[in-house]
Amino acid sequence: MEGITQARPMEAISRFQGWCGVVADWSSDQRAFKNVSWGKAMMWIFLLSDTFVFGCFLLSYMTVRMSTIVPWPNPSEVFALHIGGQDVPLILIAIMTFILISSSGTMAMAVNFAYRRDRVRTAAMMLATAAFGAAFVGMQAFEWTKLIQEGVRPWENPWGAPQFGSSFFMITGFHGTHVTIGVIFLLIIARKVWRGDFDTERRGFFTSRKGRYEIVEITGLYWHFVDLVWVFIFALFYLW
Amino acid sequence: MAQAAASADIGHAAGAPAEGQQHPIRLYLVVWGWLFVLSTLSYLVDYFHLHGYLRWSLILLFMVLKAGLIVAVFMHMAWERLALSYAILLPPLLVLVFVAIMVFESDYTLLTRMHSFVAGSG
């Protein structure tokens with residue numbers, strides 16, 4: 001144990017791995033997350049809190065679906081599109097899933113280019129990600145319009161349990177809001193990258209602090225989280 | 001893996017601007033490809049009208065695999081120190097306790113609804 005107190009923090013990092021590392025990090029002086037900047041740590045903690053928000057939504061959806069005596073509408077049919085003379089089940093949702101996964105891929109590329117200090121490619125990849133995100137929100141707006149026209153309301157729908165509407169609008173609405181905020185966030189950071197703020201160490205408009213390319217990874221964490229939430233919504237709401 | 005973590009430490013120790021984690025682009029492309037495959041598979045579960053426990057277990061399996069790939073590689077959790085990984089990943093697992101509680105609760109609600117509204121004894 002005396003090694004922990006005697007060693008300098010950086011030596012402690014290279015010395016303790018596994019559970020000993022966890023104990024050493026948490027019981028150490030000043031900071032628990034040794035090689036993570038405050039910005040990244042705070043984004044992770046925010047995402048953890050957001051996990052609980054979405055967790056509660058999905059949990060309440062599970063509760064109303066399990067406790068209703070009226071049959072739950074079949075998502076496979078509700079979200080089918082009429083293409084080429086036949087109903088293709090869930091096709092719009094599948095396309096939305098692939099779009100969001102593609103956006104996650106371009107975001108990962110952007111983070112990689114950012115750490116290579118490749119200004120132009122980073123901005124281009126972030127703009128591609130934002131475009132995918134905007135496409136996703138557009139398709140969600142289309143889906144909402146279609147369902148509202150078919151008579152889905154938070155309190156009733158033509159096919160079965162009335163709780164279907166409230167669960168649908170609440171869960172997808174909150175997720176869509178997150179995607180929209182993510183697109184705005186991406187555009188703001190992409191502009192800074194494009195302008196070369198992190199190469200010239202230009203001070204931020206609001207914080208008056210010098211930014212670093214790490215902000216691209218932090219933006220990426222948020223964006224991947226949005227994709228992550230969709231994985232759960234897709235599985236539990238649309239496929240179940 | 002350990003090398004990447006070590007180089008990140010050196011960057012901080014020297015006070016230089018952190019260059020973050022460098023991983024080959026190939027890794028991201030492979031994960032991207034797997035996410036496409038897994039999404040296609042989970043869509044096919046619905047397309048081929050699988051039912052019952054087979055459907056539910058496949059949906060959950062593909063969901064967990066996709067979530068794991070995103071968190072581990074895209075969000076770089078695989079290369080973070082365990083102190084951060086456990087702080088972020090363990091609390092959401094406790095939501096499963098909440099799930100168990102609500103399963104009992106909704107079973108009870110269903111029971112009372114069946115008793116009062118369906119049997120006509122209400």
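Reminder, nothing fancy here: chain letters follow the sequence lines and each chain counts from 1.
Contact tally against chain B (heavy-atom pairs below 4.5 Å) for A:W19, A:F225, A:F113: the top residue is A:W19. Most heavy-atom pairs under 4.5 Å with chain B: of the set A:V88, A:L228, A:L236, A:I45, this distinction falls to A:L228. For the set B:L111, B:V45, B:T40, the count of heavy-atom pairs under 4.5 angstrom toward chain A peaks at B:T40. In terms of heavy-atom pairs under 4.5 Å with chain B, the best-connected choice from A:F52, A:F98, A:W240 is A:W240. By number of non-hydrogen pairs under 4.5 angstrom with chain B, the leading residue of A:S76, A:G55, A:P75 is A:S76. Note: B:I88 leads B:V95, B:I88, B:T109 in heavy-atom pairs under 4.5 Å with chain A. The candidate from B:V103, B:V71, B:L35 with the greatest count of non-hydrogen atom pairs under 4.5 Å with chain A is B:V103.
The neighbour count for A:R121 CZ, taken as heavy atoms of other residues, nucleotides or ligands under 6.0 Å away, does not exceed 12. Dense packing is recorded around CZ of A:F46, with more than 12 heavy atoms of other residues, nucleotides or ligands lying under 6.0 Å away.
The main-chain N or O of A:K34 is never found under 3.5 Å from a side-chain atom of B:R81 such that the two would form a donor-acceptor pair. Between the side chain of A:N112 and the backbone N or O of B:H23, at least one donor-acceptor pair lies under 3.5 Å.
For the atom pair CG of A:L90 and OH of B:Y47, the computed distance is 12.0 Å after rounding to the nearest 0.5 Å. To the nearest 0.5 angstrom, A:I93 atom CD1 is 10.0 Å from B:Y43 atom OH. A:W26 contributes atom CH2, which lies 12.5 Å from atom CG of B:L82 (distance to the nearest 0.5 angstrom). A:D227 contributes atom CG, which lies 9.5 Å from atom CE of B:M75 (distance to the nearest 0.5 angstrom).
Of the atoms belonging to A:T97, it is side-chain heavy atoms, and not backbone ones, that fall under 4.5 Å from chain B. Only the side chain of A:L47 comes within less than 4.5 Å of a heavy atom in chain B; its backbone stays farther off. Proximity to chain B is absent for every atom of A:S60, based on heavy atoms less than 4.5 angstrom apart. Contact of A:L48 with chain B is made through the side chain alone, with heavy-atom distances under 4.5 Å. Contacts of A:T106 with chain B are made by both backbone and side-chain atoms, with heavy-atom separations under 4.5 Å. Only the side chain of B:Y86 comes within contact range of chain A, with at least one heavy atom under 4.5 Å from a heavy atom of that chain. Interface residue A:F33: only side-chain heavy atoms are found under 4.5 Å from chain B. Residue contact with chain B, scored on non-hydrogen atoms closer than 4.5 Å, involves the side chain of A:M109 exclusively. For A:V111, the part lying under 4.5 angstrom from a heavy atom of chain B is the side chain only. Looking at A:I101, the atoms closer than 4.5 Å to chain B (heavy atoms on both sides) sit in the backbone and in the side chain alike. Looking at A:T51, only its side chain comes within 4.5 Å of chain B, counting heavy atoms on both sides.
Scanning all heavy atoms of the two residues, the minimum distance from A:P89 to B:D46 falls at CB-OD2, 3.8 Å.
Contact of the A:E217 side chain with the B:H76 side chain is registered, since non-hydrogen atoms from C-beta on lie closer than 4.5 Å.
Checked for salt-bridge contact, A:K40 and B:E80 meet the test: a charged N lies under 4.0 Å from a carboxylate O.
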